[in-house]
Amino acid sequence: MAAFLLFPLGMSAIGVEYSHRMARTTFLTLSSRRTAYVAKVVVPSVVAAATTLGAALLGLVTGCVVLALRGDALPDLAGLAMPLLSLTVVMLCWPTLAAGLTALTRRRGAVLAFLLLWPVIVERLAGLALEQVPGLNGVRNYLPFAAARAALHNLRDESGGPDAGFDQALLGSNAHPAIGMTIFCLFTVLVAVGGGLAYIHRDAP
């Protein structure tokens, strides 16, 4: 859900230039289109990552204060480092991905529809369809957005508790978190690079 709130940052940074015909002004103001693109990708992504990390830390501190006031045991703070890092990196990738897709298509509406529908519905259906092909069993675990969900350590329940089945259904992937993070980051980089090439070489509207 947090990703749905953060990816418009990256999408708008690029899309507003084409919807309001501001791209030519940007290209005339800055001597390098590459610099403009990097700035439009990096700034929203860093803001998204900082917002995610700040909100998570605020929630953690608030929870610890409540537990301390009640006299309950505090959680293992050292064990929370990896979940926080995973969440921050994945949330950093979403605006980058949105910016790259917008640069490729120049259509914010299409990118919005893609990022809303593909991870939740279409990719899961595509994964099930691909697994009907001989030799592709388990491929749905390694599709980009399934990999992103697998990378989120804080959603994994490896204790075998009553919620383990629900958590696995929510993830939709049993890929190792490190592999999931690698796949999603590589996918994000490829989209961002493709968007950058399109942004740099395409004529301004």
Expected list for residues 186-194: side-chain donor-acceptor pairs under 3.5 angstrom, two or more places apart:
unit_1: Thr188; atom_1: OG1; unit_2: Phe184; atom_2: O; d: 2.8

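Between Arg149 and Pro119, the shortest heavy-atom contact is NH1-O, 3.2 Å. Here the closest non-hydrogen pair linking Ala39 and Pro44 is O-CD, 3.9 Å. Taking every heavy atom of both residues into account, Gly195 and Ala103 meet most closely at O-CB, 3.3 Å. What you find for Ala98 and Val111 is that their closest heavy atoms are O-CG1, 4.1 Å. Minimum heavy-atom separation, Val41 to Ala99: CG2-CB, 3.9 Å. Heavy atoms only, all atoms of each residue included: Ala68 and Leu74 are closest at N-CD2, 4.2 Å.
Linking Ile, Leu, Val, Met, Phe, Trp and Tyr residues whenever their side-chain heavy atoms come within less than 4.5 Å leaves Val65 and Leu60 in two separate clusters.
Sorted by first and then second residue, the side chain to side chain donor-acceptor pair (under 3.5 Å) pairs involving residues 66-75 (not counting sequence neighbours) are Arg70-Asp72.
Residue Val46 is found in a hydrophobic cluster whose other members, listed by chain and number, are Val38, Val42; membership requires side-chain heavy atoms under 4.5 Å apart, directly or through intermediates. Other cluster members for Val133: Leu130, Leu136, Val139, Leu143, joined by side-chain heavy-atom distances under 4.5 Å among Ile, Leu, Val, Met, Phe, Trp and Tyr. Residues near Leu92 contribute nothing to a hydrophobic cluster around it, because no ILVMFWY side-chain heavy atom sits closer than 4.5 Å to its side chain.
Rounding to the nearest 0.5 Å places OG1 of Thr96 at 11.5 Å from CE of Met91. The line from NE2 of His176 to OG1 of Thr182 is 10.0 Å long, rounded to the nearest 0.5 Å. Here CG of Leu115 is found 7.5 Å from OG1 of Thr102. Values are rounded to the nearest 0.5 Å. Taken from OG1 in Thr62 to CG in Leu57, the straight-line distance is 10.5 Å, to the nearest 0.5 Å. Taking OG1 from Thr105 and CG from Leu101, the interatomic distance works out to 6.5 Å, rounded to the nearest 0.5 Å.
In this structure a side-chain-to-backbone donor-acceptor pair under 3.5 Å is present from Glu131 to Gly138.
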Criterion side-chain contact (heavy atoms from CB on, under 4.5 Å) on Arg34 and Tyr199, from CA distance to verdict: CA-CA 8 Å; Arg34 183 178 290 104; Tyr199 185 88; over 6 Å; no

Candidate pair Phe145 and Ile183, rule side-chain contact (heavy atoms from CB on, under 4.5 Å), full reasoning: CA-CA 9 Å; Phe145 295 102; Ile183 291 172; over 6 Å; no

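Residues Pro177 and Met181 fail the side-chain proximity criterion, which asks for heavy atoms closer than 4.5 Å. Under the 4.5 Å side-chain criterion, counting only non-hydrogen atoms from C-beta, Leu197 is in contact with His201. The shortest distance between side-chain heavy atoms of Phe114 and Val122 does not fall below 4.5 Å. Between Pro83 and Leu87 there is no side-chain heavy-atom pair separated by less than 4.5 Å.
Checked against ring pair (Phe, Tyr, Trp, His ring centres under 6.0 Å), Tyr142 has no partners two or more places apart in sequence or in another chain.
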